[in-house]
Peer 1: 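First the structure, then my questions, so here it is.
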Amino acid sequence: MSIRVRFAPSPTGHIHVGNARTAIFNYFFARANNGVFILRIEDTDLERSTLESEQIIYEDLQWLGLDWDEGPLKGGSYGPYRQTERFDIYNRYTMELLKKGLAYECFCSKEELDASREKSMRDGVQPIYNGKCRGLSNSEKEDLKNKGIRPSIRFKTVDRDVVVHDIIKGDVTFPTNVFGDFVIVRPDGVPVYNYAVVIDDALMKISHVIRGDDHLSNTPKQILIYEALGFDIPHFAHIPMILGPDHSKLSKRHGDTSLNLFKEKGYLPEALFNFMTLLSWSAPDDREILTKDETISLFSLDKVSKSPAVFDFAKLKWMNGHYIRNLSKDQLAERVKPFLHISDDFKTKYNDRIADMIFSIKDKIEFLSEADDWFKVYTSYPEAIEDEGMEFLKLPTTKDLFELFISYLKPLKTLELEKYKEIIHEIQSSKGVKGKALFMALRVGITGTTKGPDLDKICTLLYPDDIITRLKKSLEKIC
Ligand code: GLU
């Protein structure tokens with residue numbers, strides 16, 4: 001069997017991590033089985049779908065590194081891949097269902113349907129359509145149409161059980177009497193999700209429908225449509241939902257949940273990808289750090305767990321930090337630079353040292369936007385120094401130490417590591433200052449803070465003239 005899977009987002013905003021995880025599982029299943037990964041835009045919700053959101057979806061997927069083989073921007077033999085361009089196709093099948101008597105026109109108004117639903121609720125029975133329009137004659141329908149009423153199309157449901165054979169959940173049985181005759185096309189001619197999805201999946205020859213388990217209860221309706229239209233039923237795999245750390249459904253109130261927010265904070269797409277791969281899937285050897293290629297060689301739906309995954313924000317941070325620390329100096333610089341706020345003067349003066357400066361703070365950050373704060377040790381000297389730092393400036397040895405350090409630096413254009421070590425050694429032996437009185441005092445004197453990268457990095461990456469200026473400012477604070 002040739003494997004064809006699809007990711008079918010509705011273009012209503014940025015991709016949520018739940019949907020991104022669905023896309024990732026489809027992607028891995030396709031890649032692991034020499035299959036095709038298709039992107040389809042489900043934009044039949046005309047009020048909420050926008051072209052702008054569609055663009056955002058492409059950008060989010062591209063940022064995450066999810067390449068689709070067929071779909072918008074790529075083309076393919078089974079298009080169009082946007083549902084609003086497929087209305088003629090849906091219409092053809094609607095005609096067929098109507099002709100075969102497997103669907104019918106329903107003229108009931110919203111008010112009528114609401115009243116009937118409320119009555120069912122009051123009576124404590126399942127609120128399903130009462131079948132009023134099932135047996136309308138042709139002339140009755142004509143009369144109603146002449147009155148300007150546009151019908152919806154309902155699928156005629158037979159009372160029976162539908163079994164969904166799900167790769168992850170096993171067999172799940174749904175009696176049709178919980179949903180009854182359901183609408184497949186709205187009065188404005190727009191097909192509903194459950195209807196369009198079947199026609200698209202069938203015509204696009206989708207072999208496996210892999211999606212979130214919030215769609216499991218839609219599947220019996222879809223199976224009825226597959227059967228009515230004589231289509232082969234694909235394999236289904238419904239992935240468990242993602243929970244927040246408090247075990248309720250993951251939502252915004254738990255923190256960032258859409259891809260753009262992770263991107264803005266400076267999560268690396270490859271780290272997020274790795275992290276989401278492990279939401280309800282695990283490698284046979286339980287390895288946690290996995291490249292895409294490694295996952296492709298290991299991925300199978302058998303290892304998808306039945307139970308919901310918990311989105312562990314702390315683990316994601318840790319994993320991101322791990323990926324950051326594994327970047328080379330140039331890779332890190334390229335990723336971090338867009339997050340830094342640095343002046344043009346600084347850029348001009350330090351252009352060939354910026355990558356080293358960034359590299360010196362790589363152990364401090366878990367996501368890239370944190371770099372800007374740490375980078376300030378290089379770009380600025382603070383107006384005020386916190387008490388913790390002032391204590392080192394006020395030590396009796398500090399004034400002398402700074403003056404001496406300045407005198408060593410004065411003749412130098414740049415300070416190499418060897419020279420720095422020599423100066424430190426000489427100060428230690430001539431003045432007897434050591435430990436925090438030496439290193440912390442110098443650190444605060446140069447950066448105005450007690451925290452930051454290694455002092456030797458700061459002293460050798462900043463030019464001596466800037467170090468001298470900063471030490472002089474600190475001296476002013478002492479006197
Ligand atoms: N447009 C649907 C969604 O975003 C697709 C569901 C499916 O994969 O069938 O939830």
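Order of appearance sets the numbers: ligands from 1, and atoms from 1 within every ligand. Note: hydrogens, waters and symmetry copies are ignored here, and every other heavy atom, side chains too, is used.
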Peer 1: When you measure from the centre of the six-membered ring of Phe182, is the NZ or CZ of Lys221 closer than 6.0 Å and no more than 45° off the axis?
Peer 2: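 Cation-pi check for Lys221 and Phe182: passes.
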Peer 1: I'd like the name of whichever of Glu42, Arg6, Arg40 reaches closest to atom 1 (N) of ligand 1 through any heavy atom.
Peer 2: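 Nearest option to atom 1 (N) of ligand 1, by heavy atoms: Glu42.
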Peer 1: What's the shortest distance from atom 3 (C) of ligand 1 to any protein heavy atom, and which residue and atom give it?
Peer 2: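 For this ligand atom, the closest protein heavy atom is His215 NE2, 3.7 Å.
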Peer 1: Under 4.0 Å from any heavy atom of Arg211, which atoms of ligand 1 are there?
Peer 2: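 Matching atoms, with element in brackets: 7 (C), 8 (O), 9 (O).
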Peer 1: In terms of relative ring orientation, are His238 and Phe236 parallel, tilted or perpendicular, with 30° and 60° separating the classes?
Peer 2: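 Ring orientation, 0 to 90° scale: parallel.
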Peer 1: Can you name the atoms of ligand 1, numbered from 1 with element, that are less than 4.0 Å from a heavy atom of Ser10?
Peer 2: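 Going through ligand 1 atom by atom, the ones under 4.0 Å from Ser10 are 1 (N), 4 (O).
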Peer 1: Salt bridge between Arg92 and Glu96, side-chain N to carboxylate O under 4.0 Å?
Peer 2: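 Looking at Arg92 and Glu96, the cut-off is not met.
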Peer 1: Please find out if less than 6.0 Å separates the ring center of Phe28 from that of Phe273.
Peer 2: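 Yes, ring centres under 6.0 Å apart.
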Peer 1: Measure the shortest side-chain to side-chain distance between Trp281 and Ser305 over non-hydrogen atoms and say whether it is less than 4.5 angstrom.
Peer 2: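 Contact flag for Trp281/Ser305 side chains = no.
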Peer 1: Could a heavy atom of Tyr193 be found less than 4.0 Å from some atom of ligand 1?
Peer 2: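 Yes; Tyr193 lies near enough to ligand 1 that a heavy-atom distance drops under 4.0 Å.
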Peer 1: What residue and heavy atom of the protein are closest to atom 4 (O) of ligand 1, and at what distance?
Peer 2: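 So the nearest neighbour among protein heavy atoms is Ala8 O, 3.5 Å.
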Peer 1: So, does Asp356 use its side chain to make a donor-acceptor pair with the main chain of Leu461 at under 3.5 Å?
Peer 2: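 Checked: no pair found.
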Peer 1: Show me which atoms of ligand 1 lie under 4.0 Å from any heavy atom of Val197.
Peer 2: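 In order of numbering, the contacting atoms are 9 (O).
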